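Below: the structure, in structure tokens.
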Amino acid sequence: MSTSGQPQFRYTQTPSKVLHLRNLPWECIEEELIELCKPFGKIVNTKCNVGANRNQAFVEFADLNQAISMVSYYASSSEPAQVRGKTVYIQYSNRHEIVNNKSPGDVPGNVLLVTIEGVEVGDVSIDVIHLVFSAFGFVHKIATFEKAAGFQALIQFSDAETASAARNALNERSIPRYLLPEHVNSCHLRISYSAHTDLNIKFQSHRSRDYTNPYLPVNPTAIEGVVQPALGPDGKRKEAESNVLLASIENMQYAVTVDVLHTVFSAFGTVQKIAIFEKNGQTQALVQYPDVSIAAVAREALEGHCIYDGGYCKLHLSYSRHTDLNVKAYSDKSRDYTIPDASLLTSQVSGLPGAPAAWQNPRPGPMYAGNDFNTGGSVPAQYPSRPMAPWDASMQAGRAPFGSVPSTYPGQTFAVATSQIHSAVSSMGFSSGFPPNVRPGGASSSGQLQPGIPPNVRPSGGPPPGHPTYYGQ
DNA sequence: AGCACA
């Protein structure tokens with residue numbers, strides 16, 4: 001407690017590994033800091049563009065003596081330290097380390113990752129999202145999807161500045177109630193930056209939108225009249241047929257690999273793609289055929305059957321909403337057999353002509369094959385929850401939303417959020433070499449085989465010892 | 001030209 005408070009500036013400073021640099025050009029980048037400082041020692045951290053004018057920086061040396069040598073050098077040098085011709089003033093920082101709490105999601109970019117908490121999918125339409133975020137600038141693209149963290153949207157702006165404005169205004173706020181269905185009473189927005197810079201939207205749909213291209217086709221599956229999932233008499237969703245089957249694997253005592261599934265499902269026709277993932281602790285797989293009829297046959301034949309003897313790895317099949325999977329060509333959890341030599345490919349390849357994928361990884365390069373939209377994501381579901389002021393819609397007043405586009409599109413997208421596939425996978429604890437033992441065939445009791453179906457599906461030899469062939473369901 | 005709020 002001093003009577004006059006802290007002095008504004010300290011003229012005698014205790015040395016620190018961290019140096020405070022002032023009067024930098026605001027354009028100064030980390031590389032320039034490093035160029036300036038590295039003759040004096042090893043730089044372990046930097047922080048530039050600090051302060052209201054973004055003209056200050058911090059540099060942390062590995063060793064205190066290195067910092068001292070730099071300060072001493074310029075204290076007696078006739079040539080001042082300079083960056084871009086500007087004299088830079090160097091002093092010891094009053095802290096002893098640079099704290100960089102920037103998580104990847106805090107690194108600004110032009111694409112926001114928005115997690116909408118407390119809502120069901122469908123409660124917040126893409127048009128509402130568009131409306132809300134258009135208050136800050138032209139929204140180029142939106143892609144929505146479901147993940148463990150909840151309902152999420154990627155929102156692409158022109159630049160990081162616009163995205164930041166939107167984030168700063170909307171993060172931790174709520175979408176105004178009047179834009180939401182009545183039963184929704186909370187709608188928290190958690191916003192971070194995505195690492196993506198350009199989303200690849202393939203269709204206009206209720207899940208994805210490209211406002212830069214109003215001529216983008218509406219998801220063709222919508223034309224077939226598949227609109228909202230209809231409810232059957234039992235109240236369960238009545239599924240539309242699809243060329244892609246969703247297989248849930250029950251009682252998974254043995255590993256179910258891509259190869260195993262391929263063998264099993266190939267009995268009915270060409271398998272184009274497979275993706276294995278986990279959902280709610282259960283292993284599931286998507287299996288893509290070229291057309292619905294094959295999928296229908298496979299579904300009928302395999303439903304309720306077990307891959308292995310003894311009731312292990314029982315299959316439950318339904319039709320997926322997807323029509324074309326967007327999967328890694330070759331990984332332990334997915335395979336794209338439509339790619340000539342998938343084993344040589346590491347990067348994901350977009351759909352064949354006429355085999356549309358709704359949207360896919362915009363990021364080329366080998367880093368992530370079939371990358372997902374999780375990158376900037378990892379949206380901290382563990383953020384402490386705190387009360388959130390509703391977002392004030394009046395902030396939009398006087399500002400016309402940018403880029404209106406037809407606000408509704410019929411039908412639904414079958415966009416494959418590859419993230420659901422690629423990030424949801426977790427390793428299975430089993431590595432059984434047991435071959436699959438599924439006996440495709442419609443009538444389980446009779447063991448009657450369907451025409452053209454091999455009598456038994458054994459990719460790698462006979463049944464495991466002690467495991468008699470099991471046809472049960 | 002004077003200490004970081006992401």
Side-chain angles (χ1 to χ4, degrees), chain A residues 2 4-34 36-37 43-61 64 66-68 70-71 73-115 136 157 159-173 189-195 375-386 388-389:
Chain A
S2 74
S4 59
Q6 291 286 333
Q8 188 176 9
F9 308 117
R10 290 163 29 208
Y11 292 92
T12 56
Q13 293 177 297
T14 52
S16 163
K17 309 200 290 300
V18 181
L19 298 183
H20 176 220
L21 290 77
R22 295 177 280 121
N23 201 39
L24 289 159
W26 67 267
E27 306 94 329
C28 179
I29 58 174
E30 184 184 28
E31 282 68 28
E32 293 168 297
L33 286 180
I34 293 171
L36 178 68
C37 303
I43 295 148
V44 296
N45 208 349
T46 66
K47 197 177 190 107
C48 62
N49 306 122
V50 161
N53 299 325
R54 303 175 62 79
N55 61 354
Q56 300 175 38
F58 298 91
V59 172
E60 181 177 340
F61 283 99
L64 177 64
Q66 297 166 347
I68 292 172
M70 182 167 184
V71 170
Y73 175 85
Y74 284 112
S76 58
S77 169
S78 55
E79 297 282 311
Q82 289 189 328
V83 169
R84 301 193 188 202
K86 264 188 102 177
T87 295
V88 175
Y89 300 87
I90 302 169
Q91 59 190 156
Y92 298 113
S93 171
N94 50 28
R95 300 192 199 177
H96 288 87
E97 62 178 2
I98 291 176
V99 285
N100 265 346
N101 354 359
K102 256 191 186 170
S103 62
D106 292 325
V107 178
N110 65 317
V111 178
L112 296 178
L113 174 63
V114 180
T115 303
F136 305 91
F157 286 101
D159 47 57
E161 287 67 37
T162 313
S164 297
R167 180 182 131 114
N168 293 338
L170 298 178
N171 194 20
E172 305 295 328
R173 317 293 292 247
L189 300 178
R190 301 239 190 261
I191 306 177
S192 61
Y193 295 101
S194 166
T375 316
S378 54
V379 164
Q382 57 277 23
Y383 274 178
S385 62
R386 53 182 131 124
M388 187 183 306

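First the proteins, then the strands, lettered A, B, ... as listed; each starts at 1. The structure displayed is predicted, hence computed values, not measured ones.
The side chain of A:V18 sits closest to B:dA4 out of B:dA6, B:dG2, B:dA4. The side chain of A:H20 lies closest to B:dC3 when the candidates are B:dC3, B:dA4, B:dA6. In the set B:dA1, B:dC3, B:dA4, B:dA1 carries the atom at the smallest distance from any side-chain atom of A:R22.
Judged by centroid separation below 5.5 Å and plane tilt below 30°, A:F58 stacks onto the base of B:dA4.
Base contact: A:E97 has a heavy atom under 4.0 Å from a base atom.
Distance, A:N49 CG to B:dC5 P: 11 Å, rounded to whole Å. One interatomic measurement links the two molecules: CG of A:L21 to P of B:dG2, which rounds to 13 Å at whole-angstrom precision. Atom pair A:N23:CG and B:dG2:C1' shows a separation of 11 Å (rounding to whole Å applied). The separation between A:L24 atom CG and B:dA4 atom C1' is 13 Å, rounded to whole Å. Rounded to whole Å, the distance from CD on A:Q56 to P on B:dA4 is 8 Å. In this entry the distance linking CD of A:Q91 with C1' of B:dA4 reads 13 Å, nearest Å. Rounded to whole Å, atom P of B:dA1 lies 10 Å from atom CG of A:N53. Rounding to whole angstrom units, CG of residue A:N94 and P of B:dA1 are separated by 20 Å.
In this structure a side-chain-to-backbone donor-acceptor pair under 3.5 Å is missing from A:D159 to A:N110. Looking at A:Q56, its side chain never comes within 3.5 Å of a backbone N or O of A:G51 through a donor-acceptor pair. In this structure, the side chain of A:K47 does not engage the main chain of A:E60 through any donor-acceptor pair within 3.5 Å.
Partner of A:E30 under the side chain to side chain contact (heavy atoms under 4.5 Å, CB included) criterion, out of A:N49, A:T46, A:V59: A:T46 alone.
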